[in-house]
Amino acid sequence: MSSLAHAIMHAHRSLRPQVAVTPLTHSVQLSTQTGCNIYLKCEHLQHTGSFKFRGASNKILILSDEQRQQGVITASSGNHGQALALAGLRAGVPVTVYTTTQASPLKLAAIKGFAAKVISLDSDPLSVELEAARQAKAQNTLFISPYNDADIIAGQGTVGVEIAEQLPDVDAIFVAVGGGGLISGIGSALAHLKPGTEIIGCWPENAPTMQRSLAAGEIIEMEEQETLSDGTAGGIEPGSITFPLCQQLVNKTVLVSEQEIRDAMKQVARYERWMIEGAAGVALAGAIKLAADYQGKNVAVVLCGRNILLEKFIGAMA
């Protein structure tokens with residue numbers, strides 16, 4: 001067993017009960033429509049509404065006493081920041097989150113609601129991430145990357161362990177990809193538990209930096225366009241450990257249009273009565289687009305987060 005797979009299995013055992021085991025739900029309507037047996041991994045039902053809570057909780061769990069006292073710094077447009085803030089609050093660890101001025105005000109309010117300090121910079125996500133890392137080094141404080149951290153990846157990889165347990169004969173898993181932490185963890189878990197399971201990376205056509213980097217064989221910089229999948233947007237940190245992992249573990253890639261993302265989100269709302277975020281729509285849109293390749297097979301789609309419209313509704317009802 002690789003060291004990462006070992007860390008994932010350890011996290012799977014140690015993260016209960018603070019991290020929920022999310023359902024893997026068979027979608028009759030989507031299965032009928034596509035000809036595949038579509039199963040939806042409901043990470044939008046995880047604490048803070050995202051799989052990010054898994055990695056954040058794992059990282060906080062293994063901090064040293066000195067690191068806990070000093071606190072931690074991270075960079076996030078929303079989901080990772082919320083997850084780390086809640087994990088830190090529960091463990092008594094101070095958290096500072098660097099973010100862009102374009103981040104969702106509701107997500108930033110949620111981060112602050114978990115007692116984290118928020119610093120907004122008028123810059124792109126990758127620049128904010130690099131600045132946060134510089135500030136952490138200057139302050140002799142631990143910087144926690146949203147994806148470029150083996151402990152974060154191990155926690156997120158527990159999604160893959162749960163899928164393997166819930167659907168032992170899974171044939172393929174569709175995952176939306178940004179920095180690559182989630183798909184690296186899931187791919188590592190399945191390579192250990194269910195070798196032969198296809199891992200398909202999904203990107204919006206408007207923001208495919210990792211996909212283009214994989215095609216080029218090296219991390220590249222590119223200008224991305226606005227996308228519904230804000231959770232996967234942004235560049236990749238130079239030297240990211242997720243890049244070689246994605247090279248090794250991602251079997252296939254697919255790009256989807258903004259309309260395909262929108263249609264997938266609508267289908268989940270119509271058929272399952274769930275409001276998922278754009279990145280989750282990317283994964284389902286990818287599965288629908290490649291359905292002809294998986295006729296009659298068991299396909300898991302990771303619904304990685306909750307739609308911001310739901311947050312707005314909750315706020316309006318308060």
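Without hydrogens or angle criteria, Ser184 side chain to Gly180 main chain gives a donor-acceptor distance under 3.5 Å. Judged by distance alone, the side chain of Asn298 and the main-chain N or O of Asn37 form no donor-acceptor pair under 3.5 Å. Without hydrogens or angle criteria, Thr242 side chain to Ser240 main chain gives no donor-acceptor distance under 3.5 Å. Here the side chain of Glu129 pairs no donor or acceptor atom with the backbone of Leu126 at under 3.5 angstrom. Judged by distance alone, the side chain of Arg54 and the main-chain N or O of Leu15 form no donor-acceptor pair under 3.5 Å.
The number of heavy atoms from other shown groups lying within 6.0 Å of CD (Gln259) is above 12. Counting heavy-atom neighbours within 6.0 Å of Glu221 CD, excluding the residue itself, gives a total of 12 or less.
Contact check for Trp274 versus Leu303: side-chain heavy atoms found under the 4.5 Å cut-off. Residues Gln33 and Ile288 meet the side-chain proximity criterion, which asks for heavy atoms closer than 4.5 Å. The closest side-chain heavy-atom distance from Thr48 to Gln46 is not below 4.5 Å. Contact annotation: the side chain of Val302 approaches that of Ile186 to within less than 4.5 Å [non-hydrogen atoms, C-beta and beyond].
The aromatic ring centres of Tyr294 and Phe174 sit less than 6.0 Å apart.
The same ILVMFWY cluster, assembled from side-chain heavy atoms under 4.5 Å apart, contains both Ile183 and Ile219.
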Worksheet entry | side-chain contact (heavy atoms from CB on, under 4.5 Å) evaluation trace for Val95 with Leu89 | CA-CA 8 Å; Val95 174; Leu89 178 63; over 6 Å; no

Item to complete: Take Ile38 and Gln29, measure what side-chain contact (heavy atoms from CB on, under 4.5 Å) needs, and give me the verdict at the end.
Response: CA-CA 9 Å; Ile38 298 285; Gln29 292 93 336; over 6 Å; no

Practice prompt. Assess whether side chain to side chain donor-acceptor pair (under 3.5 Å) is satisfied between His80 and Thr74, documenting all intermediate values.
Written response: CA-CA 9 Å; His80 172 70; Thr74 193; 2.7 Å; yes

Item to complete: Could you walk me through whether Glu260 and Lys289 pass side-chain contact (heavy atoms from CB on, under 4.5 Å), step by step?
Response: CA-CA 9 Å; Glu260 288 170 326; Lys289 194 165 189 173; 3.5 Å; yes

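Salt bridge absent: Glu43 and Lys52 never bring a charged side-chain N and a carboxylate O closer than 4.0 Å. For the pair Lys252 and Asp293, the salt-bridge criterion is met [side-chain N within less than 4.0 Å of a carboxylate O]. A salt bridge links Arg16 with Glu162; the closest basic N to acidic carboxylate O contact falls under 4.0 Å.
The only member of Glu237, Met210, Gln248 that meets side-chain contact (heavy atoms from CB on, under 4.5 Å) when paired with Phe243 is Met210. With Asp151 as the fixed residue, the side-chain contact (heavy atoms from CB on, under 4.5 Å) test singles out one of Ile144, Leu63, Ile62: Ile62.
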